[in-house]
Amino acid sequence: MSSDANTPVLPNCIRLPLAEDELLEVTAKAKDYAIMHGAAMRSKTAFSPDSLNFAPFVLVPSSFPRKEFEKAVALQPIINRLMHNVAHDEEFITTTLAETIKVDEFTANLFNIYRKVLAHGFTQKTSLGMLRSDLMLESGCPELSPRALRSAAGEDGGQDAGAAVGQGAGAAAGTGSKEEEHQEQKEHREVQLSRATKERERRATSAQSAYCCWKQVEINTIASGFGHLGPASKTIQRFVLSELGHADKLHNMPDNNALAGLCDGMVKAWDIYGKPKAVILFIIEDVSYNICDQRFHEFYIRETYPHIKVLRRTLTEVHREGKLGQSKELLLGSQEVAVIYFRAGYEPGHYHSQAEWDARYLMETSLAIKCPSIHYHLAGTKKVQQALAQPAVLERFINDPDEIKAVGKIFTGLYSLDDNEAGNATYEMALRTPERFVLKPQREGGGNNVYGVDIPDALKRMSRVERSAWILMDLIHPPLTKGYMVRPGADMPPQIVDMVSELGIFGVVIGDAEHIVHNYQAGHMLRTKLSTANEGGVAAGLGALDSPYLIDSDDDENEQK
């Protein structure tokens, strides 16, 4: 993650720094408060199933532009519908992943399950999607500059930024000759870069603006975590603000009912399954470090819907205990499974042998409603999301022109690295200016990306065919916030640091290929990391829990004067 002297800084919700005695006292209280309210994890360095550490957290909430937060919340049901439609488009998924599955063994194994399930027909046509759309603020957005710059650029000049530059979605990417497409893509890239450059020059020569637009980082379709820890972080920070005498500011922290929203989604799917004695099954890792986030989902269901039983099993245990009944119902012993919620199965390390893959296939062929089903899992791959970042492709899945425009605006530049003309051009661009990009594989869970100056060496180690398992994405330049990051075992008192944040918006969508029966936004989470860090996963030990403190932009204030 990069920042420079011209990077905008969002205003703090309260005046910092705090007096040292006050800081020490409130931090000690907040640590205990976090543990006692379930904002905790098992230690990876000193693991014990009988003990917890508080999860890293930011002491006071980080500022986030109110309008951009509200836009993200409003857009989530459209993103839910988009991903639902993508998941049910066999031709699109097959075409888009055709090159990737030749070189990425993990994605190929998932795709083989998908292909076998398709061949026999889906036993359960209903899918449960519990998605999380991750986004970051971009400090160089031409379409959100002051009015004069917007007018000079054209009122809707930025609507295709990023969306128009995604390359290489194969047959799904529209019509026209290759030469025309190549020239059009080149012109779009040049226009986008020119606007971004002008915007950053404007910031360098004028008063720094903290007004930013948000850009899509990724859409998670499996194991979309922090449904509990997102709301829990708000609970901690509300307590801290009140202790510091700022209870009057709490109204700027938006409601967050992510835990209830996600768990209610599982229960809605359970209702659709329609068998009162059937259970909800959580697929878990062999060792669950992020135990509170998982258990609170389970406990919410048991406390709110005590007639519904929840089981937790690893893939290995499902292989050992699971079988199909006469109607292809999934049975664990004598218990029938209505809903399967995957909190594992998204990375190669979860599949120790063929047994785990056989368990995944058994579940996919069963009558249970999956979250996610295998086609939803594939819809969340980076390669599919790179292909979606093109207006011509969005039109395949969204009918409303205004919705296409709104979704198109959120994509940053996403580029194919397939072994073709477009992919080779991307390869050369990455070698020339690697500092502009992040290199992403088909993996979830954090810690897999390659950034900036490390990209050329990584690419040069790959064959042309191997490159197709990766995509290139424009590096987002978020504004900074300043605050205290509190970590287990860290020195006291904490020091003020420069930070950047990533907002996740949860969504629930339930339906089949023909009809969507439930579709709603289901809360949010905010992860914050040091501005100098690349990865930001809290479970991976790289980020910290946070929650948004909504502020009005300075551009808005200027326009109101």
Side-chain angles (χ1 to χ4, degrees), residues 68 71-89 92-93 96-97 100 107 110 127-138 162-163 166 169 172 214-227 230 258 261-262 265 342 345-347 371-390 393-394 396-398 403-404 406-415 438 440-446 448-449 471 473-474 476 502-511 516 519-527 536-537:
E68 295 308 300
K71 285 178 187 176
V73 167
L75 194 61
Q76 189 59 41
I78 300 173
I79 293 175
N80 292 347
R81 181 158 29 89
L82 167 66
M83 297 309 294
H84 183 84
N85 292 341
V86 169
H88 289 87
D89 191 323
F92 179 74
I93 288 178
T96 303
L97 294 177
T100 300
T107 306
L110 294 172
S127 293
L128 165 61
M130 298 205 305
L131 316 178
R132 196 185 72 220
S133 176
D134 290 343
L135 58 102
M136 293 187 82
L137 292 169
E138 169 59 73
W214 65 267
K215 292 294 181 183
Q216 192 78 60
V217 175
E218 63 183 354
I219 301 171
N220 298 277
T221 62
I222 183 168
S224 303
F226 290 69
L262 293 171
F342 286 92
Y346 55 83
E347 64 175 36
C371 176
S373 55
I374 191 66
H375 44 308
Y376 253 96
H377 189 167
L378 291 172
T381 57
K382 305 293 192 301
K383 187 65 178 175
V384 168
Q385 293 179 40
Q386 177 260 313
L388 286 175
Q390 301 178 82
V393 175
L394 285 178
R396 181 174 180 141
F397 303 107
I398 302 176
E403 290 183 354
I404 292 172
V407 174
K409 280 185 176 181
I410 70 176
F411 289 116
T412 189
L414 296 163
Y415 311 92
V438 53
K440 292 189 168 189
Q442 310 298 322
R443 294 289 181 273
E444 304 301 330
N448 301 299
N449 299 333
I471 67 165
M473 174 178 151
D474 282 346
I476 297 172
E502 184 174 308
L503 179 69
I505 305 292
F506 293 105
V508 171
V509 56
I510 308 175
I516 292 176
N519 180 13
Y520 58 91
Q521 180 266 338
H524 60 272
M525 53 84 77
L526 192 71
R527 286 176 299 187

Could you tell me if the side chain of [Y] sits less than 4.5 Å from the side chain of [X], heavy atoms only?
| X | Y | result |
| --- | --- | --- |
| L388 | F397 | yes |
| S373 | L128 | no |
| T381 | T96 | no |
| M130 | S224 | no |
| L82 | E403 | no |
| M525 | F506 | yes |

Set of residues satisfying side-chain hydrogen bond (donor to acceptor under 3.5 Å, both in side chains) with respect to Q521, sequence neighbours excluded: none
Set of side-chain hydrogen bond (donor to acceptor under 3.5 Å, both in side chains) partners for S133, sequence neighbours left out: Q216
Over all heavy atoms of both residues, which pair between [X] and [Y] is shortest? Give the atoms and the distance, please.
| X | Y | value |
| --- | --- | --- |
| D474 | V438 | O-CG1, 4.4 Å |
| A389 | L414 | CB-CD1, 3.5 Å |
| I93 | A87 | CD1-O, 3.6 Å |
| A406 | L75 | CB-CD1, 4.0 Å |
| L137 | I476 | O-CG2, 3.5 Å |

Residues forming a side-chain contact (heavy atoms from CB on, under 4.5 Å) with N519, sequence neighbours excluded: P77, N80, R81, V509, I516
side-chain contact (heavy atoms from CB on, under 4.5 Å) partners of A72, counting only residues at least two apart: L135, W214, I505
Those residues that, when tested against D134, pass salt bridge (Lys or Arg N to Asp or Glu O under 4.0 Å) (two or more places apart): R132, R527
ring-ring contact (aromatic ring centres under 6.0 Å, His included) partners for Y376, two or more places apart: H84
Worked verdict on T412 versus E138 for side chain to side chain contact (heavy atoms under 4.5 Å, CB included): CA-CA 9 Å; T412 189; E138 169 59 73; 5.5 Å; no
Atom pair NE2/CD1 of H377 and I222 - distance to nearest 0.5 Å: 4.0 Å
I219 CD1 to M83 CE distance, which is reported to the nearest 0.5 Å: 4.5 Å
Partner of E218 under side-chain hydrogen bond (donor to acceptor under 3.5 Å, both in side chains), chosen from Q385, K440, K382: K382
K215 backbone acceptor or donor facing K409 side chain under 3.5 Å: no
